[in-house]
Number of protein chains: 2
Amino acid sequence: MGVTGDRFRHEALGVVFQVREDRLSVLLWQRALSPFAGAWALPGGQLLAAERLGTSASRHLAAKVDIPEIAHLEQLETRSDPVRDPRERVLATAYLALVTVGAQPRLPADTAWHPVDALPACAFDHQSIIGSARERLRAKLSYTNIGFALAPETFTIAQLRDLYAAALGHEVSATNLQRILTRREVIEPTSGQSRPTSAGGRPAALYRFVSRSLVVTNPFAAFRPRD
Amino acid sequence: MGVTGDRFRHEALGVVFQVREDRLSVLLWQRALSPFAGAWALPGGQLLAAERLGTSASRHLAAKVDIPEIAHLEQLETRSDPVRDPRERVLATAYLALVTVGAQPRLPADTAWHPVDALPACAFDHQSIIGSARERLRAKLSYTNIGFALAPETFTIAQLRDLYAAALGHEVSATNLQRILTRREVIEPTSGQSRPTSAGGRPAALYRFVSRSLVVTNPFAAFRPRD
DNA sequence: CGGGTTTTCAACTGTTGGTAGATAACTACT
DNA sequence: AGTAGTTATCTACCAACAGTTGAAAACCCG
């Protein structure tokens with residue numbers, strides 16, 4: 001462990017998800033220059049000398065999207081294929097970032113949202129990283145309260161069902177969703193009601209997430225005695 | 001994204017777990033030199049120019065323990081605190097490594113197993129990394145077949161119960177364990193029987209893991225319709 | 001007031017998992 | 001052998017969890 005040793009460039013990448021028009025979408029920017037000119041890439045950039053990876057991810061994301069919009073950020077994984085960047089070796093640590101539904105952050109001209117089930121050609125290993133992020137999000141929706149980072153402050157059960165359905169990629173029963181999340185004390189009713197839409201129908205009760213920071217709630221720990 | 005940019009040393013660390021005498025233990029070596037002289041550290045070392053992180057972790061572990069003994073290896077997380085190493089900034093990517101119970105790899109003189117609930121003073125941020133690794137192992141025991149990497153080829157339910165109890169840190173019911181893992185098709189009975197011990201008692205049936213590579217088995221995906 | 005629409009709730013069901021106690025298969029000792 | 005001791009295995013029970021269905025509630029509009 002002397003002072004010798006190879007050194008590497010290192011970048012932080014953000015997989016920013018938002019549910020837009022009932023589809024889970026990811027923020028990408030289009031590369032103008034080689035390599036992968038024209039292909040779409042995850043926002044991110046180099047790690048600085050005195051910077052932590054999480055800070056670096058936030059800093060680079062700030063160039064694409066207003067940071068307060070990012071309701072949750074967590075480290076995903078580190079990619080180390082020596083030739084993942086054809087120019088020079090760059091290690092990449094990916095972060096999962098979630099943006100509340102309905103937020104409309106201003107975007108630079110080269111940047112756009114893409115539904116994850118209709119991705120354009122992606123640069124580097126970014127498509128595979130997006131896949132990992134989807135998996136992580138899907139799993140955590142089932143056993144944590146991570147939905148708080150996708151949902152607005154208050155919402156109806158129907159809105160929440162659509163949001164979960166988009167993020168999970170399959171139908172979700174509103175009855176089930178309400179019962180499970182209420183029993184786990186992940187969501188709670190507020191006194192408010194939605195104003196009825198023009199289409200008529202019973203006005204929906206408004207709910208909110210009990211906590212807006214990550215809590216693991218699912219009792220998915222088998223083999224544990226009751227006492 | 002020019003050619004300029006800071007470069008960093010990067011190391012791979014291995015959190016090697018084995019159940020020894022019914023206690024979950026981790027492999028550590030004792031530092032002789034400053035910094036943290038006398039403290040215990042995780043095995044690991046520098047990433048080389050053309051090497052992937054997983055390969056690097058395996059390579060450094062090979063210096064401490066025979067590699068074929070490592071039944072499972074997976075990336076855990078990357079630590080980036082700029083001052084986690086007081087000499088110079090070093091990023092560290094930790095791996096979770098599991099060694100089959102009963103294996104007795106030869107160890108260098110400075111290296112020893114330590115029960116995780118009685119850790120000595122640890123160097124750098126290694127104690128906290130060991131904590132993360134325990135969490136990961138505990139969670140995955142509940143919803144994957146990862147026990148295959150801790151258990152021998154064949155085993156009795158009682159042996160498996162002791163192994164799970166050590167890794168999970170609480171009592172485990174043999175009845176429950178057998179029923180759940182059998183129903184999930186994680187383990188299956190073999191034709192063999194354990195030879196009775198000198199203490200007497202009914203000889204136990206021998207089981208084996210159906211698969212010896214990681215499979216996610218727990219249906220912990222709520223909100224999914226049956227068909 | 002009655003038909004259309006959406007939300008909410010209650011009841012039923014199958015599955016999972018924790019518990020307790022009975023039964024099976026062995027050793028050792030008298 | 002017979003009996004006690006020991007360990008393993010199995011069944012039955014029960015509570016909690018989760019998916020489904022359909023009815024009731026609360027609004028709109030004409």
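In what follows, chains carry the letters A, B, and so on, assigned in the order in which the sequence lines appear, proteins first and then strands, with residues in each chain numbered from 1. Model, not experiment: these values are computed from the prediction.
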Determine the contact category for B/Ala205: base if any of its heavy atoms lies under 4.0 Å from a base atom, sugar-phosphate if only primed atoms, P, OP1 or OP2 are that close, otherwise nothing.
sugar-phosphate
Name every donor-acceptor pair, under 3.5 Å, that has one atom in a side chain of residues 114-131 of chain B and the other anywhere in the protein, sequence neighbours excluded.
unit_1: B/Asp117; atom_1: OD1; unit_2: B/Arg23; atom_2: NH2; d: 3.2
unit_1: B/Asp125; atom_1: OD1; unit_2: B/Arg84; atom_2: NE; d: 3.4
unit_1: B/Asp125; atom_1: OD1; unit_2: B/Arg84; atom_2: NH2; d: 3.0
unit_1: B/Asp125; atom_1: OD2; unit_2: B/Arg84; atom_2: NE; d: 2.8
unit_1: B/His126; atom_1: ND1; unit_2: B/Leu42; atom_2: N; d: 2.9
unit_1: B/Ser128; atom_1: OG; unit_2: B/Arg79; atom_2: NH1; d: 2.9
unit_1: B/Ser128; atom_1: OG; unit_2: B/Arg79; atom_2: NH2; d: 2.9

We want to know whether A/Gln193 and A/Arg202 form a side-chain donor-acceptor pair, criterion being a heavy-atom distance below 3.5 angstrom.
no
What's A/Ala158 touching, base or sugar-phosphate or nothing? Going by heavy atoms closer than 4.0 Å.
sugar-phosphate
Please write out each protein N/O paired with an N/O of nucleotides 11-16 of chain D under 3.5 Å, distance rounded to 0.1 Å.
none

Checking B/Thr93 against B/Thr78: is there a side-chain donor and acceptor pair closer than 3.5 Å?
yes
Below 4.0 Å: OP1/OP2 of D/dT9 and any side-chain N or O of B/Gln178
no
Flag yes if more than 12 heavy atoms outside B/Glu185 fall under 6.0 Å of its CD atom; otherwise flag no.
no
Atom-to-atom span, CZ of A/Arg224 to P of C/dG18 - whole angstrom
8 Å
Between A/Asn176 and D/dG19, is there a contact of a side-chain N or O with OP1 or OP2 at under 4.0 Å?
yes
Taking atom types as modelled and ignoring hydrogens, do the side chains of B/Thr154 and B/Thr190 form a donor-acceptor contact shorter than 3.5 angstrom?
no
Just do the side chain to side chain donor-acceptor pair (under 3.5 Å) check on B/Thr182 and B/Glu188 with the steps written out, would you?
CA-CA 6 Å; B/Thr182 304; B/Glu188 62 187 0; over 6 Å; no
